[in-house]
Protein chains: 2
Amino acid sequence: MDSAEAHRSKGSKRAEAVSGSDFLQLDVGQAPPGGRTEWLTDRIRAAIADGTLPVGSRLPAGRVLAAELGVSRGLVTEAYQRLADAGQVLGRGRAGTTVVAGPMPATVPAPVPSPMPAPVPAPVPRAPLSAAPTGPAAPTRPAAPTGQLGAIPSGGSHGPAGPFAPAVPSAPVVDALRGVPCRIDLSPGVPDLTAFPRTAWLQAERRVLAGLTAADFGYGNPQGTPALRAAVTGWLARNRGIRADPDEVVVVAGVAQALGLLAHVLRENGVRRVAVEDPGSLGARQQLEYGRLETVPVPVDGSGIDTAALRAGGAGAVLLTPAHQFPTGVVLDGERRRELLGWAAAGGLVIEDDYDAEHRYDRAPVPALRALFPEGVCYAGSVSKLLAPALRLGWLLVPPRLRDAVVAAKRYADLGNPILAQLVLARLMDSGELERHLRFVRRRHRRRRDAMLRAIAAHLPGARIHGAAAGLHLMVTFDGADFEDTALAAGALALGVKAHPLSWHRIRPGSPGLVLGYAAGPPGELEEGIALLGRALGRLR
Amino acid sequence: MDSAEAHRSKGSKRAEAVSGSDFLQLDVGQAPPGGRTEWLTDRIRAAIADGTLPVGSRLPAGRVLAAELGVSRGLVTEAYQRLADAGQVLGRGRAGTTVVAGPMPATVPAPVPSPMPAPVPAPVPRAPLSAAPTGPAAPTRPAAPTGQLGAIPSGGSHGPAGPFAPAVPSAPVVDALRGVPCRIDLSPGVPDLTAFPRTAWLQAERRVLAGLTAADFGYGNPQGTPALRAAVTGWLARNRGIRADPDEVVVVAGVAQALGLLAHVLRENGVRRVAVEDPGSLGARQQLEYGRLETVPVPVDGSGIDTAALRAGGAGAVLLTPAHQFPTGVVLDGERRRELLGWAAAGGLVIEDDYDAEHRYDRAPVPALRALFPEGVCYAGSVSKLLAPALRLGWLLVPPRLRDAVVAAKRYADLGNPILAQLVLARLMDSGELERHLRFVRRRHRRRRDAMLRAIAAHLPGARIHGAAAGLHLMVTFDGADFEDTALAAGALALGVKAHPLSWHRIRPGSPGLVLGYAAGPPGELEEGIALLGRALGRLR
């Protein structure tokens, strides 16, 4: 038995806290008893052999990987040493351990979508989601692409309750709420922005500016600069299990633009209806509808999107959030993944919005759908949750058959993203700076998540918590309650607290609830915000 | 008589070289004899009174303004002193002269579009354009929005002649040419990129990063950050004679995006056909066509776009380049301006692409159409020709009735431009750094323009030069010649020289020609490139 296993068998708190690493999607639970060192060595060796870790890649610091896996540092050191002995990696003290030799990446045959070896995720701790809040038999509101917001009853028609008022203007309601001043903002979707690595950014920009040629300042490749497309493939290989060629990557101005470009290309290809998750992101739905696509709601239950309903709906594409469903936090389970990819293999197009998959606290990483069936999955991600939304920078991976059309759409949208930020991000990804930043904010986000959970238990009686194992937000529902959650959100806003009513993100009716972001503010502020929400709740009951 | 006038009356070379200033569109030719100091003082006082120069604006250094106007420094110093004596400006040594007092900007009544007091520009020196190369009676090729490029005969179907080959792919031909390697690039549209102010940019970014709040890193205003919208209005007031409120400015990712957003909004408003100049920018036309608008060619002659033909064409909007028509370099004259604004007052929408108006060498500045009739003119500009295309940053001013729709289009396009570059540009505009840069590159561009003119005289017999008084490119035509200009461009590319055949930018046929950019390379390279073009020309004849 490894010494690390002895350590682990004591049931240390550390092992409980983290059950896997983003790096190569390692889950120590898959290691055979008594063979963890061998297992880790083999996994890294396989990643070098298949090109996931090309020559020049840096391995995580032993200390960091050990902490994430919940094993001893000695175990990781031993695995690295075995790889060094075989001439595959080179340890250079503080400069880290780098891959120095490996076969050229072979052409890997496309995985067969079904039967599929996706691990079935463990049940989500703390926040079990049993039945869907709205079953398939629930009455369906008539589709009203832009007008449906107007039908939401309000808790007040003037003053601070403005965004929740019945007469919502055509401007998106989320934007309207964003413009209202408040003391405590619990809107979802924003990471800890005080942690933005200003110094690292500026240093990288200095190097970028010093190294640019005059031609680099001219009109560039609308698909994105090759340096960033290569850095993104490295990032996705290390952190999301995705093998991709830089030529499959289109640099975009965030997931919002990715959806706009795809909407255009889908319409060009004759697709008029796109399935969306219900509940699901209001913003994403509006993005597709502005692109003149009809959205078809498909229910989400405790296993993720209802694939039978998807099939019955007859849409040509589906937009979904499989790693951490927005807003419920559900993980798409293995059975549903198999069914979904079978649907894609039969001609459907999957659009995977991997919006916050890097943020998780007490569950193993979930592999991206794109990793399993690149031919049928468009994959969109961005730095909005990693660094800052204001950078407007992300990536879109598309199947080969759509690539030229998507690049043309990007070309006519804006001739490509600005060059400086692309090259700065490439440096931060290649140097390991972005991974360091992610580890730092993840620790902070976890403490904030814990603070919010304690505050909800104390101040929101009757609230059921969903999806708290990962991400930057959680969802609460008040099952069986008969108030309108827009009234609750309006009451909270009157007390200076912003939160999204769950009904904003629903298409068909269901239990009232709230979507609560916990990443942006310090624990004390979160607790105060939840206490004020509790006061608003008390006034409704 | 002022001492400056005595100086000027000697016919100094300086006075010949520059005949006006971008600052307040000052043209010393409008000053009464013997009253230049009074005239300059009055013009600045009026600009302070009407809010063009609000409190806090900095006046140009006396030395700089004197050089631009071709007057003595003493004259400018005297004018500034009179304003200082009146308490309106304050000279602070090296810190410059700043407006310190002035009435609050009054609401200025909208100018009546007709009759219109636009000055008739002086005839363009060196490059008189007499009759249009293709008169209104010339036979019209059938409209073929994307396919017409394929009909251009080629000088070779493989190898370096690829972009000029008949089987042009659906990807824009200009992009295809951009991707071909070459030794000397005479493509139009790129300024001197070696002059990019890297140090100033990095210093501004350091200050921006130090000053940002955490909230600034979140989702921002899709219309653009208020600091940049205010800086753009100051820039346009000082340099383009445009009075605008920051609320009228939409920050965009360059003119290409501006046209894409407008195409969307025009279609939403029922406009299906947009008139374009012929010859005119191929790229701009493709941008509108990708936005599902039909483009209607309207001939350009020596006075600019043919407004009678515009009226007859029945389009709902027109895209044009009035200050320096692309590619002919013609300035829209006063009579045509009156007719155009009359057409706009009757319901037509003018889209003014002010793509390179800041660059001029031996003619007075031409006021923007937007300055004359804001209710009927959309105005688009960018830093692509001021700093670098790779920044993807520009501005769009729209009439109030279209503002909300354009902001919504921008919102759904990408949620707004990235914040850092917006704030850096605002600093460069507010500090005067951008004006300094413009003055620097303008001197360089003029020398390059002169080198190209000499080289054309030496190496391109029979070439007639058009539009060399301003901008970053000139046009040559070979009137009466019977070769295809695509064959000439292909022959030049085989010798390592890139240039645009004029026929790319024509819709109806006309004389063969070339569009030649002179700003990007040093004089020796330009001369070599023209000599090689001459060799390619000799092989055709």
Side-chain angles (χ1 to χ4, degrees), chain A residues 169-172 174-175 178-179 185 189-190 192-196 198-199 201-202 205-206 209-210 212-222 252-254 256-257 259-260 286-287 290-291 384 387-393 404 407-409 411-421 520, chain B residues 169-172 174-175 178-179 185 189-190 192-196 198-199 201-202 205-206 209-210 212-222 252-254 256-257 259-260 286-287 290-291 384 387-393 404 407-409 411-421 520:
Chain A
S170 66
V174 175
D175 293 8
R178 205 171 276 146
D185 192 347
V190 180
D192 176 9
L193 297 173
T194 64
F196 185 86
R198 300 176 196 222
T199 305
W201 185 275
L202 192 66
E205 179 135 348
R206 179 182 299 116
L209 276 167
L212 278 186
T213 67
D216 292 330
F217 284 108
Y219 291 97
N221 185 336
V252 294
Q257 181 175 62
L259 296 180
Q286 290 175 329
Q287 201 75 38
Y290 192 82
S384 293
L387 284 168
L391 297 176
R392 307 310 312 130
L393 189 50
D404 287 353
V407 172
R411 189 254 185 235
Y412 283 107
D414 54 20
L415 304 186
N417 263 59
I419 188 80
L420 294 178
Chain B
S170 66
V174 176
D175 293 7
R178 204 171 276 147
D185 193 347
V190 179
D192 177 8
L193 297 173
T194 64
F196 185 86
R198 300 178 196 222
T199 306
W201 185 276
L202 191 67
E205 179 135 347
R206 178 182 301 115
L209 276 167
L212 279 184
T213 67
D216 291 329
F217 285 108
Y219 291 97
N221 186 335
V252 293
Q257 181 174 63
L259 295 180
Q286 289 176 329
Q287 201 75 38
Y290 191 83
S384 293
L387 284 168
L391 297 175
R392 309 309 313 129
L393 189 51
D404 288 352
V407 172
R411 190 252 186 232
Y412 283 107
D414 53 22
L415 304 186
N417 264 58
I419 188 80
L420 294 178

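Here the structure is a predicted model, which is why all the values come from computation and not from measurement. Values reported hereafter were calculated over all heavy atoms of this structure, with side chains retained and with hydrogens, waters and symmetry mates removed. Just so we're on the same page: letters track the sequence lines, and every chain starts at 1.
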Where does Arg178(B) contact chain A at under 4.5 Å (heavy atoms): side chain, backbone, both or neither? side chain
Nearest heavy-atom contact between Thr213(B) and Arg198(A) is C-NH2, 4.2 Å
In terms of heavy-atom proximity below 4.5 Å to chain A, should Asp216(B) be classed as side chain, backbone, both, or neither? backbone
Gly218(B) and Pro389(A): which non-hydrogen atoms are nearest, and at how many Å? C-CB, 3.9 Å
Ignoring hydrogens, what is the shortest heavy-atom contact between Thr194(B) and Ala214(A)? Give both atom names and the distance. CG2-CB, 3.8 Å
Measure Asp192(B) against the heavy atoms of chain A and call it side chain, backbone, both or neither at under 4.5 Å. neither
Leading residue by heavy atom contact count with chain B [cutoff under 4.5 Å; candidates Asp404(A), Val190(A), Leu202(A), Val407(A)]: Leu202(A)
Is Tyr219(A) in contact with chain B via its backbone, its side chain, both, or neither, using a 4.5 Å heavy-atom distance? both
In terms of heavy-atom contacts, Trp201(A) and Leu420(B) come closest through NE1-CD1, 3.4 Å
What part of Leu212(A) is in contact with chain B, defined as an atom under 4.5 angstrom from a non-hydrogen atom: side chain, backbone, both or neither? both
Counting N and O atoms only, with roles assigned by atom type, does the side chain of Arg392(A) sit under 3.5 Å from a partner on the main chain of Leu415(B), one being a donor and the other an acceptor? no
Counting heavy-atom pairs under 4.5 Å with chain A, the top scorer among Ala210(B), Pro418(B), Ala520(B), Ala388(B) is Pro418(B)
My understanding is that only residues two or more places apart in sequence, or in another chain, count here; which of them pass side-chain contact (heavy atoms from CB on, under 4.5 Å) with Ala390(B)? Ile419(A)
Using non-hydrogen atoms and a 4.5 Å limit, figure out which bit of Ser384(B) sits close to chain A: side chain, backbone, both or neither. side chain
Which atoms form the tightest heavy-atom contact between Asp175(B) and Arg411(A), and what is the distance? OD2-NE, 2.7 Å
Interface moiety of Ala409(A) toward chain B, non-hydrogen atoms closer than 4.5 Å: both
Max heavy-atom pairs within cutoff under 4.5 Å with chain A, candidates Ala413(B), Gly291(B), Gly254(B), goes to Ala413(B)
Non-hydrogen atoms of chain B under 4.5 Å away: do they reach the side chain of Asn417(A), the backbone, both or neither? backbone
